[in-house]
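Below is one structure, written out as structure tokens, with a few remarks after it.
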2 protein chains.
Amino acid sequence: MDKTGLKIINATMNLIMEKGYPLTTTKEIANRAGVNESTVFRKFGSKKDIVLNAMELREWNPDLAADDFKVYSLDLKKDLLKFSHTYLNKVTPKFVKVSLGLRCPELYEYTKDGIMQVPMVFKKGLTDYFCEMYKRGKINSSDHESLAVMFLSLNFGFVFFKASFDDMLTSLLKETYIQNSVNIFVNGIKK
Amino acid sequence: MDKTGLKIINATMNLIMEKGYPLTTTKEIANRAGVNESTVFRKFGSKKDIVLNAMELREWNPDLAADDFKVYSLDLKKDLLKFSHTYLNKVTPKFVKVSLGLRCPELYEYTKDGIMQVPMVFKKGLTDYFCEMYKRGKINSSDHESLAVMFLSLNFGFVFFKASFDDMLTSLLKETYIQNSVNIFVNGIKK
DNA sequence: TTATAATGCAAGTATATACTTGCATAAATG
DNA sequence: CATTTATGCAAGTATATACTTGCATTATAA
């Protein structure tokens, strides 16, 4: 991607975070990118295509992969700490804001899968992990689905609140939260 | 509120859940409400005012109050079960969808406080509760802020995912999730 | 240097949308 | 019944927005 294109993509995604896709105008995109509006259309063809091109880029994609949860030590606390760090390093407030800003019918069919895949991948990784740990007699609960959704919620909730209210709801640091929440969760399920 | 007004409010809020405020047109509101578009404006004056009027109504407001968390039994599990039920009965997927649909600058100044107050009230109630339980030696952890944000995330995450992906992410029933998550959480913090 | 491609600029098109208004009719109210 | 009020209907206004186009200018590359 060339320089001008990247400036346009950046401007677009930042505006989407601020006001959502429908209220983001191509005029304002051009202004913020420091280019002429006609350039925007000559490069991308349409407003929608700016976003679709952006989503391909690493910067605007959490890129959470199944492999992220396939390597573990069988030490419950150590593993969950690692999973939590991975999740919260990749699923940033920025990504959450963009995802929320993209919620509109025009884009839904293109973005929905990519967006839903993030919690899906995390949940799947966790479910498999809990299943394995249960077999090895390291945890009590047998409802791995509940455990996975719980751990997912614990992590997602934190990013979501930061994305939505910055530090106004809680000023807890990410690292503090990770340590405390993993400690309590592990304490709650370990044998 | 008269019958026509309610039909308009209902149509508006349902459309906002489906496509968000900016993409909800007064024309479509009128169609869905079965009234003429001019009636919409004669009754409410502007599109924005339909929403502001709706937010006053009980139906479109979770109405989560501080008092909801001031009565408890000092039995950790019993209390947290009650708090979770209260939260998830009031903060419905419907409310979450509307809140997400209202995210736009034009409405932000009017809706932000009301929306943020929901997690705020819950967090405050929980923090106070954990503080009390810690004093009485019934829980271990002393970081009540972390505990509150954790329990909030556990509950909010569940509604959010249901609101966003219906049963596609998880088909867990609300009641099952409440029981399991409270069990594990209590297990993790009790003395 | 010369040819090609990328951009700026200005004007314009087509469409959608919030909102208005005047008049006729229906509904409610006294 | 008579009067007021709410609504339907149709036409219209003002504005915004995605997108286009022709031409001049600048940057790039051969």
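No hydrogens, no waters, no symmetry mates; every other heavy atom, side chains included, goes into these values. Just so we're on the same page: letters track the sequence lines, and every chain starts at 1. Everything numeric in this text was worked out from a predicted model, so none of it was measured.
Note: CD1 (B:Ile29) to P (C:dC19) measures 10 Å, nearest angstrom. A:Asp2 places its CG atom 11 Å from the P atom of D:dT28, with the value rounded to the nearest Å. Taking atom CG of residue A:Asn36 and atom P of nucleotide D:dA24, one finds them 16 Å apart after rounding to whole Å. Between the CD1 atom of A:Ile8 and the P atom of C:dA6 there is a distance of 13 Å, rounded to whole Å. Summarising the geometry, the separation between CG on A:Asn31 and P on D:dA18 is reported as 12 Å, rounded to the nearest angstrom. At whole-Å resolution of the value, NZ in B:Lys3 and C1' in D:dT5 are 17 Å apart. Taking atom CD on B:Glu28 and atom C1' on C:dA18, their separation rounds to 15 Å, with Å as the unit. For the pair B:Lys27 NZ and D:dC9 P, the computed distance is 14 Å after rounding to whole Å.
Interface residues of residues 17-26 of chain B facing DNA chain C, ordered by number: B:Thr24, B:Thr25, B:Thr26; criterion, heavy-atom separation under 4.0 Å. Residues from residues 39-48 of chain A that place a heavy atom under 4.0 Å from any atom of DNA chain C, listed by number: A:Thr39, A:Arg42, A:Lys43.
If you check the side chains of B:Ser73 and B:Asp75, you find no donor sitting under 3.5 Å from an acceptor. For the residue pair A:Glu145 / A:Thr127, no side-chain donor-acceptor distance below 3.5 Å is found, with atom types taken as modelled.
Using the six-membered ring where Trp is involved, B:Phe161 and B:Phe165 have ring planes that are parallel, under 30° apart on the 30 and 60° scheme. Taking the six-membered ring where tryptophan is involved, the planes of A:Phe83 and A:Tyr129 are perpendicular, since the angle between them exceeds 60° and thus also 30°. Ring geometry for A:Phe160 against B:Phe156 counts as tilted: the plane angle lies between 30° and 60°, on a 0 to 90° scale.
Residue B:Leu102 holds its CG atom at 9.0 Å from OH of B:Tyr21, rounded to the nearest 0.5 Å.
Ion pair B:Lys70/B:Asp128 not flagged as a salt bridge, since none of the NZ, NE, NH1 or NH2 atoms sits closer than 4.0 Å to an Asp/Glu carboxylate oxygen. Ion pair A:Glu18/A:Arg32 flagged as a salt bridge, since at least one NZ, NE, NH1 or NH2 atom sits closer than 4.0 Å to an Asp/Glu carboxylate oxygen.
With B:Phe69 as the aromatic partner, B:Lys123 does not meet the cation-pi criteria of under 6.0 angstrom to the ring centre and within 45 degrees of the ring axis.
Within the 4.0 angstrom heavy-atom criterion, no nucleotide atom of any strand lies near A:Gly5.
Here A:Thr4 does not reach the OP1 or OP2 of C:dA6: none of its side-chain N or O atoms lies under 4.0 Å away.
Between C:dG8, C:dT7, C:dC19, one nucleotide has an atom nearer to the side chain of B:Glu37 than all others, and that is C:dC19.
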